[in-house]
Amino acid sequence: MPELPEVEVTRISFADRIAGAQIVEARMGKPLRWPLNCPPNALAGMHVLAVRRRGKYLLLDLDQGLLLVHLGMSGSLSFMLEPPAPGKHDHFELRTSQGVLRLNDPRRFGAVVFAANEVDPVAQRLLGKLGMEPLDDGFDAKLFHQGLARRKAPIKQVLLAGDVVVGVGNIYASEVLFLAGIRPSTPASRLSRPRAARLHQAIRDVLTRAVERGGSTLRDFSNAQGEAGHFQLDAMVYARDGLPCKVCNAPIRTMRQGQRSTFFCGQCQNA
DNA sequence: AAAAGCCCCTGGATGC
DNA sequence: TGCATCCAGGGGCTTT
């Protein structure tokens, strides 16, 4: 579910409120994608200094380490002063001096992992091969083009892979390619410098707007204050199979790429 | 080295 | 109503 905008919106919605808090107690429910690699008790007493994001990972900086949180497909966080009793799908919880951070994740593709710091092998295994941050100044159009140049796979799948640029998931990959006028099946290496530059700009535009709109809520996403997002209403192609293109009226088409659905306009995206 | 497939898991929507 | 099937916002791992 959560792509970069949803993760960033989540981060913004609780980072300031949890900063400075001391962890009173941590508890795990059912196992997530990876087991928490330390006893939950070991986190007690530590302080949360800040919350950062790298790709789709949330990084909780602690005074004695780093907690990496991934929301997988169906995860969402909440941060509340007085939360209700844990539900069936609440699988991780940090009780702190400033509120309770809780991870709800029905499918349990999410994860919470502890590392000593960012260069710890545990962290590097997850973060080491991530590509450029699309909303950072370091996301350079020329570097982006160079990254695409050595990949022959379809551009949609190169975007999803996250080793050239991070954070673009299944919704935003379709949206970004529509905005850039690029067919999702085009081999990444076949994009000219100007077309790669156009895609580079589309990624920045779409992700920025999606963050401003509070992310996309397809079924159950909400930020840490329980608020849904609205970007799905702005989607030009995602989940619009058969509906008229908002630009040219041609029916939006769908196809499967790497076991995932892709949506595109055959008219607006013709190369 | 890169690409393609598989799989982890639960739940909602759809079809018979 | 019940049951089977398909699909869903991710991504690491294994196989080609």
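Keep in mind that the numbers below use all heavy atoms, side chains included, and drop hydrogens, waters and symmetry copies. Lettering follows sequence order; numbering is per chain, from 1.
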For A:Met255, the rest of its hydrophobic cluster, which grows through side-chain links under 4.5 angstrom:
A:Phe264

Any residue in residues 149-170 of chain A with a heavy atom nearer than 4.0 angstrom to DNA chain B? Just list them by number, or reply none.
A:Arg151, A:Lys152, A:Ala153

Contacts satisfying side chain to side chain donor-acceptor pair (under 3.5 Å) that involve residues 99-125 of chain A (not counting sequence neighbours) are A:Arg52-A:Glu118, A:Ser74-A:Asp105, A:Asp90-A:Asn104, A:Glu93-A:Arg102

Just call it for A:Lys129: base, sugar-phosphate, or nothing, with non-hydrogen atoms closer than 4.0 Å on any strand.
nothing

Rounded distance in Å - CG (A:Leu32) to P (C:dG10):
17 Å

What is the first contacted nucleotide of DNA chain B and what is the last, in 5' to 3' order, if contact means an atom lying under 4.0 angstrom from a heavy atom of chain A?
B:dA3 to B:dG11

Would you mind reading off the distance between A:Gln259 atom CD and C:dT14 atom C1', rounded to a whole angstrom?
14 Å

Carefully, step by step, assess A:Gln269 and A:Leu177 under the rule side-chain contact (heavy atoms from CB on, under 4.5 Å).
CA-CA 8 Å; A:Gln269 297 165 263; A:Leu177 289 167; 3.8 Å; yes

Pairs involving residues 68-77 of chain A, ordered by first then second residue, that meet salt bridge (Lys or Arg N to Asp or Glu O under 4.0 Å) (sequence neighbours left out):
none

Selection: residues 108-127 of chain A, any non-hydrogen atom under 4.0 Å of DNA chain B:
A:Arg108, A:Phe109

Using the P atoms only, state how far C:dG11 lies from B:dG11, rounded to an integer number of Å.
22 Å

Between A:Arg11 and A:Leu58, does the side-chain contact (heavy atoms from CB on, under 4.5 Å) criterion hold? Intermediate values first, please.
CA-CA 7 Å; A:Arg11 188 188 73 78; A:Leu58 283 171; 3.5 Å; yes

Quickly work out the A:Leu71 CG to C:dG10 P distance and round it to whole Å.
11 Å

Does anything in residues 187-211 of chain A pair up under salt bridge (Lys or Arg N to Asp or Glu O under 4.0 Å), and if so which pairs, sequence neighbours excluded?
none

Does A:Glu3 come within less than 4.0 Å of A:Lys56, counting only side-chain N to carboxylate O?
no

Determine: side-chain N/O of A:Tyr57 to OP1/OP2 of C:dG11, distance under 4.0 Å, yes or no.
no

In whole Å, measure the gap between the P atoms of C:dC3 and B:dC9 for me.
23 Å

How many whole angstroms separate atom CG of A:Leu130 from atom C1' of C:dG11?
11 Å

C:dG11 OP1/OP2 closer than 4.0 Å to side-chain N/O of A:His70
yes

Any side-chain donor-acceptor pair under 3.5 Å between A:Ser97 and A:Gln22?
no

Whole angstrom value for the distance that separates P of C:dG11 from CD1 of A:Ile171:
13 Å

Could you write out DNA chain C as dot-bracket? Rules: Watson-Crick or G-U wobble, both distances under 3.5 Å, brackets [ ] for crossings, | for pairs with another strand, dot for unpaired.
.|||||||.|||||||

Remaining members of the apolar cluster that contains A:Leu127, side-chain heavy atoms under 4.5 Å:
A:Trp34, A:Tyr57, A:Leu59, A:Leu66, A:Leu68, A:Val113, A:Val122, A:Leu126, A:Leu130, A:Val166

Do any side-chain atoms of residues 233-241 of chain A form donor-acceptor pairs under 3.5 angstrom with protein atoms, and if so which ones, sequence neighbours left out?
unit_1, atom_1, unit_2, atom_2, d
A:Asp234, OD1, A:Arg213, NH2, 2.9
A:Asp234, OD2, A:Arg213, NE, 2.8
A:Arg240, NE, A:Met236, O, 3.2
A:Arg240, NH2, A:Pro244, O, 2.6

Ring centroids only, cut at 6.0 angstrom: are A:Tyr172 and A:Phe231 within range, meaning strictly under it?
yes

Given A:Leu60, which of A:Leu43, A:Ile23, A:Leu101 fulfils the side chain to side chain contact (heavy atoms under 4.5 Å, CB included) condition?
A:Leu101

For nucleotides 5-7 of chain C, list the nitrogen or oxygen atoms of the protein found under 3.5 Å from its nitrogen or oxygen atoms, one pair per line.
none

If two hydrophobic side chains count as joined below 4.5 Å and joins carry through other members, does A:Phe139 share a cluster with A:Val206?
yes

Anything under 30° is parallel, anything over 60° is perpendicular, the rest tilted; go ahead and classify A:Phe79 against A:Phe14.
tilted

Of all the heavy-atom pairs spanning A:Ser222 and A:Ser76, show the shortest one and how long it is.
O-CB, 3.9 Å

Applying salt bridge (Lys or Arg N to Asp or Glu O under 4.0 Å) as the test, list every pair that has at least one member in residues 139-166 of chain A; sequence neighbours left out.
A:Arg151-A:Asp163

A:Leu68 CG to C:dG12 C1': how many Å, rounded?
15 Å

